[in-house]
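Quick note: numbers below take in every heavy atom, side chains included, and nothing from hydrogens, waters or symmetry partners. Computed from a predicted model, the values in this text were never measured in an experiment. Each chain gets a letter, A, B and so on, in the order the sequences are listed, and its residues count up from 1.
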Amino acid sequence: MLSVLDALNGQLLAAMERAFPEASARARESGSSPDPQLAPASKPEFGDFQANGALPLAKPLGQPPRQIAAAIVEQLAADPAFSALCLEPQIAGPGFINLTLRPERLTAEVAARLGDPRLGVSTASEEAGGQAPAPVVVDFSSPNIAKEMHVGHLRSTIIGDCLARVLEFRGHPVLRLNHVGDWGTQFGMLITHLKQVAPEALDTADAVDLGDLVAFYRQAKARFDDDETFQTTAREEVVKLQAGDPLSLKAWGLLCDQSRREFQKIYDRLDIRLSERGESFYNPFLQAVVDDLTAAGLLVVDAGAGCVFLEGVSGKDGQPLPLIVQKSDGGFNYATTDLAAIRYRFAPKPEGDGAGRVIYVTDAGQASHFAGVFQVARRAGWIPEGASVEHVPFGLVQGEDGKKLKTRAGDTVRLKDLLDEAVERAEADLRRRLAEEERQEDDTFIEHVATTVGLAAVKYADLATNRITNYQFSFDRMLALTGNTAPYLLYAVVRIAGIARRGGDLEGAGESVAGSAAVAGGAAPCGDLSFSEPQEWALIRELLKLDGVIAEVETELLPNRLCSYLFELSQVFNRFYDQVPVLKADEPARSSRLALCRLTADTLKLGLGLLGIPTLERM
RNA sequence: GGGGCUGUAGCUCAGCCGGAUAGAGCGACGGUUUCCUAAACCGUAGGUCGUGGGUUCGAGUCCCGCCAGCCCCGCCA
């Protein structure tokens, strides 16, 4: 209902201008404009919207706020466009103006959505007047080569995918980049170690399996930490690799291939599409980063290392903190790579990605690192005017004890194991339920439902809390059939599918009216759609919020807003389902209610789809 | 020492640009099934929004101090 909101805002603004022309003129002179403070109503009994703009005017105008509200309302009432949208405004409390949309207006909005595959959500190019929007880079997941994906990659992968889906749906060209760790010191360590203990892994594909590789990596890391000779050799190995030594490159390629195939299994399972573009991709551009920074006069050599000193960030002794872009041994580090990536992503095509927005979905612990990198990139002039670069931080995954999630043995939890357990628990729960209800289902059905529910639960639980806070992981809570969980939402969709199976023609419902409503411009009564029950209106009002919610997620990058919306929609639908008969109702209520069912199912499917969650017909 | 994030009901969490009596879910307690899947619905109880100041018509929300927890702070990513 963003278009309605927009129209109302304009009408309110005009009404305020007419009611208080002098004050408005004064406000305009001082650079500001009067603000109607239009917002969705905080409670259903206040109507659809509330305008709080009268209150702040009380002091400058020297009038009681209710009197100001009354003057605005009087002007509103004189506006025929407003009267076509809303019932008579109500003044409440200290001076709030409560607005309620005309029921026929809501019905028309419903009819319009029934005929619209996008359910009323516009695209970015429509809003930009047909101009193609610049690409958005979403940098997420980013596991390390030669390691397995673990719980630390869970949130970035799920949140990043969801944000990418929302941006894509809104019509942005999205580059989903997997910035895998495939280039740093770690490779020097691993290759050096493998040369000594398992040289076959360096020239034969799959000579050792990934689990062993992970063990080798751990050993290499341990040696690196307390053996100076090994450390030196490993550093030399990195230099060789980065210089393009054929043997090192071959070994590196084999290791990457092997890891890549393992990552892909997880991504396939979670239905996540990613373009791999690891750190190594930026290797050819690292020197240019340092050169650019030198040319810009930003680079300072301090204790042998190439640094850019950060503005507004001081460490101990109040000295500015450096961002090191070239190590004293001449090598580059992750800050260099991150800078090269920013430089490349914002650079115009074909030398770069030509991005207008770059977002990094990484844990909150990297906030200061990114703040530093962004600052340097900005000072170096790599971020064009009007473009934005954003860190999208998220908190730790904690166990139910409130500490960082670990296995019982104290190890990092592998992502594969975590997903397996979710599906196993979902399956056990489903089998128990089927036995209790004496239902017979074949194994294909059970496996499909368990997989869908289990993975949906993991995704939804992660997305449903505000990402900035730490997130307490609990199989029991996420798989619960009640409350704000994936199973609850999936069940709402299943209920609607049930109505269709029992003879409700969802596809046809509302189709005939959709066309006529569009022709009538939505102002006239809409064909056969007819609503009377409060549960119907509540559902309609909820359904019409979709476009606003998606717009909000697009700017705020907070998937939990979408989750809350879908949960509330499910609740309102369940109330409707419980209290209002559909199939047994007489016409025209029956068709109208079927149309609401269809729109609810479409909305839930679309919303869950944007979360990366597929729906079920039966469960 | 410096910086960041967090602190809201017994538990897990929402709370949008500062707006009306601070909201959900779980758990607890009580109710609903000849009717579209009860994986549901209805109701009751439960709060010093960490704490002390400030800003103003109005503060969980903005500013300052303090307390607690977590994280980051020169050549790992």
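A donor-acceptor contact under 3.5 Å links the side chain of A/S328 to the base of B/C75.
B/C67 and B/G53 have their C1' atoms separated by 15 Å, given to the nearest Å.
A/N484 and A/Y460 form a side-chain donor-acceptor contact under 3.5 Å, judged by distance and modelled atom types alone.
The shortest distance between the side-chain N/O atoms of A/Y488 and the OP1/OP2 oxygens of B/C41 is below 4.0 Å. The shortest distance between the side-chain N/O atoms of A/R467 and the OP1/OP2 oxygens of B/U6 is not below 4.0 Å. Not one side-chain nitrogen or oxygen of A/S570 sits closer than 4.0 Å to the OP1 or OP2 atom of B/A40. For A/K327, a side-chain nitrogen or oxygen approaches OP1 or OP2 of B/C76 to under 4.0 Å.
With hydrogens and angles disregarded, a donor-acceptor distance shorter than 3.5 Å links the side chain of A/T469 to the backbone of A/N466. The closest donor-acceptor contact from the side chain of A/R590 to the backbone of A/L583 lies under 3.5 Å. In terms of modelled atom types and a separation under 3.5 Å, the side chain of A/Y565 and the main chain of A/E542 share a donor-acceptor contact.
One interatomic measurement links the two molecules: CG of A/N470 to P of B/C5, which rounds to 14 Å at whole-angstrom precision. Between the CG atom of A/D401 and the P atom of B/U12 there is a distance of 12 Å, rounded to whole Å. Computed from coordinates, the A/L566 CG to B/A14 C1' distance equals 15 Å when rounded to whole Å.
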Subject >> Per-nucleotide protein contact string for nucleotides 31-38 of chain B (B base, S sugar-phosphate only, - none; heavy atom under 4.0 Å) >> reply: ----SBBS

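Among the atoms of the strands shown, only primed sugar atoms or phosphate atoms (P, OP1, OP2) are found under 4.0 Å from some heavy atom of A/Q472. As judged by a 4.0 angstrom heavy-atom cut-off over every strand, A/G365 is placed among residues touching the sugar-phosphate backbone only. Note on A/A305: a base of the nucleic acid sits closer than 4.0 angstrom, heavy atoms only. Among the protein residues, A/N52 comes within range of the nucleic acid bases, having at least one heavy atom under 4.0 Å from a base atom.
Comparing A/N144 and A/C307 against RNA chain B, the residue whose closest nucleotide sits nearer the 5' end is A/C307. Between A/P40 and A/F332, the residue whose closest nucleotide on RNA chain B is further toward the 5' end is A/P40.
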Subject >> salt bridge (charged side-chain N to carboxylate O under 4.0 Å, His left out) evaluation trace for A/D48 with A/R541 >> reply: CA-CA 8 Å; A/D48 291 300; A/R541 291 194 152 92; 2.3 Å; yes

Between the protein and nucleotides 21-30 of chain B, which nitrogen or oxygen pairs are less than 3.5 angstrom apart?
residue, atom, partner, partner atom, Å
B/G25, OP1, A/Q571, NE2, 3.4

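Helical stems of RNA chain B (runs of at least 3 Watson-Crick or G-U pairs, donor-acceptor distances under 3.5 Å) are listed by first residue: B:1-7 with B:67-73, B:10-13 with B:23-26, B:28-32 with B:40-44, B:50-54 with B:62-66.
With a glycosidic angle no more than 90° from 0, B/C17 adopts the syn conformation.
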